[in-house]
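Notes to accompany the following structure.
Residue numbers count from 1 along this sequence. Only this structure's heavy atoms are used, side chains among them; waters, hydrogens and symmetry mates stay out. Remember, it's 1-based here, ligands and their atoms both numbered in the order they're listed.
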Amino acid sequence: MSYRAEYIWIDGTSPTAKLRSKTRIVSAGAPPTWGFDGSSTNQAEGHASDRVLEPVFTCPDPIRGGDDVLVLCEVLNTDGTAHVSNTRAALGAVAQQFAQHRSLFGIEQEYTFFDGARPLGFPESGFPAPQGGYYCGVGADEIFGREIVEKHLDRCLAAGLEISGINAEVMPGQWEFQVGPLSPLEVSDQLWIARWLLYRTAEEFGVSVTLDPKPVKGDWNGAGAHTNFSTEAMRTSYAAITAACEALGEGSKPLDHVKNYGAGIDERLTGLHETAPWDEYTYGVSDRGASVRIPWQVEKDGKGYIEDRRPNANVDPYVVTRLIVDTCCTSLKKEGLV
Ligand code: ADP
Ligand code: MN
Ligand code: MN
Ligand code: MN
């Protein structure tokens, strides 16, 4: 029996890559390796345009249903090497190197719906009532797009994704979903699929989605992707929690991380709106004004996970999870905290 496979990949658009997809009818067996025109996705020149789609993660297609599937792919060159835009390949190597640490991630994806040029729920001219009542709100005067959010959640669950929750955010039309806790590759693959399902679902309502880290200038919260992280040692000892927070603050690490945490990060990490300034590294218990927060429950239990609050909504999960695993596990290993 033939089925439809939606091949999804990440393109080469700079500074923030976009998702692309196309459909293949597969007559039997697993989705095969495929190809595409890289000259139309900023991944090749026209005279040598072929790029390869290598399936890496397949799940049920909750939109088409039946036997149809979504197929997330890595982009390769025709000689089989990873294309320069392929950040998953580098994560794979680092995840394997530090596999014994059993890293887990939960990523909080914030995003904003747009109706034409305005955030969903913003009046035709001027601004809505200031922030205060929208976060986790209820009622038609505060909540915009819930029917899209619920449909997206249904589809993520039907696809088998490990969504752990959703909430309305502090600006009208702004929402969040969380994926995880999962291993670095799993959380990243699932986040990309969940993003694709979000764009695709909102499309049915004539609404667009942006991961712009600062969709409205001025006194409105930006959109982030808080990245919660633990290793086996952190899930059993507070010394490892502190060591991970310290590792993220060592030497050039704060800047190495922040400059790879999504385009436009200096506009969002201003020190206002529950952020720390992008050029200062701090960590603290319960502190939503710190770069890295240790949740109060973690201090109380003496173990658990930390929250890196710096990543932008438009961060590449393959990059943020690679950097955190590399920085923290290198240091934990040195201190014998495996
Ligand atoms: P916040 O209070 O910052 O809004 P959320 O509830 O939105 O927190 O998100 C917390 C995230 O932390 C969830 O995605 C959850 O899966 C994740 N998480 C919980 N425990 C761990 C852990 N041990 N390691 C990594 N992530 C975890
Ligand atoms: Mn959250
Ligand atoms: Mn949030
Ligand atoms: Mn958070």
Open item on the list: I'd like to know if the side chain of Gln178 pairs up with that of Glu176 as donor and acceptor (distance under 3.5 Å, no hydrogens or angles considered).
Closed with: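 Short answer, yes.
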Open item on the list: Regarding Tyr135 and Asn221, do their side chains bring together a donor and an acceptor under 3.5 Å, going by distance alone?
Closed with: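 Judged by distance alone, the side chains do not pair up.
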Give the atom numbers and elements of ligand 1 that come within less than 4.0 Å of a heavy atom of [X].
{"X": "Glu176", "result": "7 (O)"}
{"X": "Ser164", "result": "13 (C), 14 (O), 16 (O)"}
{"X": "Gly180", "result": "16 (O)"}
{"X": "Glu307", "result": "3 (O)"}
{"X": "Arg293", "result": "1 (P), 2 (O), 3 (O)"}

Closest approach to the Mn ion (ligand 3) by [X], given as the N, O or S atom name:
{"X": "Glu110", "value": "OE2"}
{"X": "Glu169", "value": "OE2"}
{"X": "Glu176", "value": "OE1"}

Task: Pairwise distance CD(Glu335) to CD(Glu246) - rounded to 0.5 angstrom - done: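 Output value for this atom pair is 9.0 Å.
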Between [X] and [Y], is there a donor-acceptor pair closer than 3.5 Å when you use the side chain of the first and the backbone of the second?
{"X": "His101", "Y": "Ser103", "answer": "no"}
{"X": "Asp189", "Y": "Leu72", "answer": "no"}
{"X": "Asp11", "Y": "Lys18", "answer": "yes"}

What is the nearest protein non-hydrogen atom to [atom], stated with its residue, atom name and distance?
{"atom": "atom 16 (O) of ligand 1", "value": "Pro181 CD, 3.1 Å"}
{"atom": "atom 1 (P) of ligand 1", "value": "Glu108 OE1, 3.5 Å"}
{"atom": "atom 23 (N) of ligand 1", "value": "Ser230 OG, 3.2 Å"}
{"atom": "atom 19 (C) of ligand 1", "value": "Tyr305 CE2, 3.8 Å"}
{"atom": "atom 26 (N) of ligand 1", "value": "Gly106 N, 3.4 Å"}

Task: Residues Asp308 and Arg310 bridged, charged N to O under 4.0 Å - done: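 Salt bridge: yes.
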Taking the six-membered ring where the residue is Trp, are the ring centres of [X] and [Y] under 6.0 Å apart?
{"X": "Phe229", "Y": "Phe105", "result": "yes"}
{"X": "Trp278", "Y": "Tyr261", "result": "no"}
{"X": "Phe144", "Y": "Trp175", "result": "no"}

Open item on the list: Need one value: angle at the Mn ion (ligand 4), Glu307 atom OE2 versus His226 atom ND1, rounded to 10 degrees.
Closed with: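 Result: 90°, to 10°.
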Open item on the list: Tell me whether the rings of Tyr283 and Tyr281 are parallel (<30°), tilted (30 to 60°) or perpendicular (>60°).
Closed with: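 The arrangement is tilted - the two ring planes meet at 30° to 60°.
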Open item on the list: Applying a heavy-atom cut-off of 4.0 Å, say which part of Arg288 lies close to ligand 1: side chain, backbone, both or neither.
Closed with: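 Only the side chain of Arg288 comes within reach of ligand 1.
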Open item on the list: Using heavy-atom distances only, which candidate in Val179, Asn228, Asn167 approaches atom 11 (C) of ligand 1 most closely?
Closed with: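 Considering heavy atoms of Val179, Asn228, Asn167, the nearest to atom 11 (C) of ligand 1 sits in Asn228.
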- [ ] From atom 25 (C) of ligand 1, work out which of Ile107, Leu104, Leu182 has a heavy atom at the shortest distance.
- [x]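 Result: the heavy atom closest to atom 25 (C) of ligand 1 is in Leu104.
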- [ ] Give a yes/no on ligand 1: does Gly165 have at least one heavy atom closer than 4.0 angstrom to it?
- [x]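 No, Gly165 has no heavy atoms under 4.0 Å from ligand 1.
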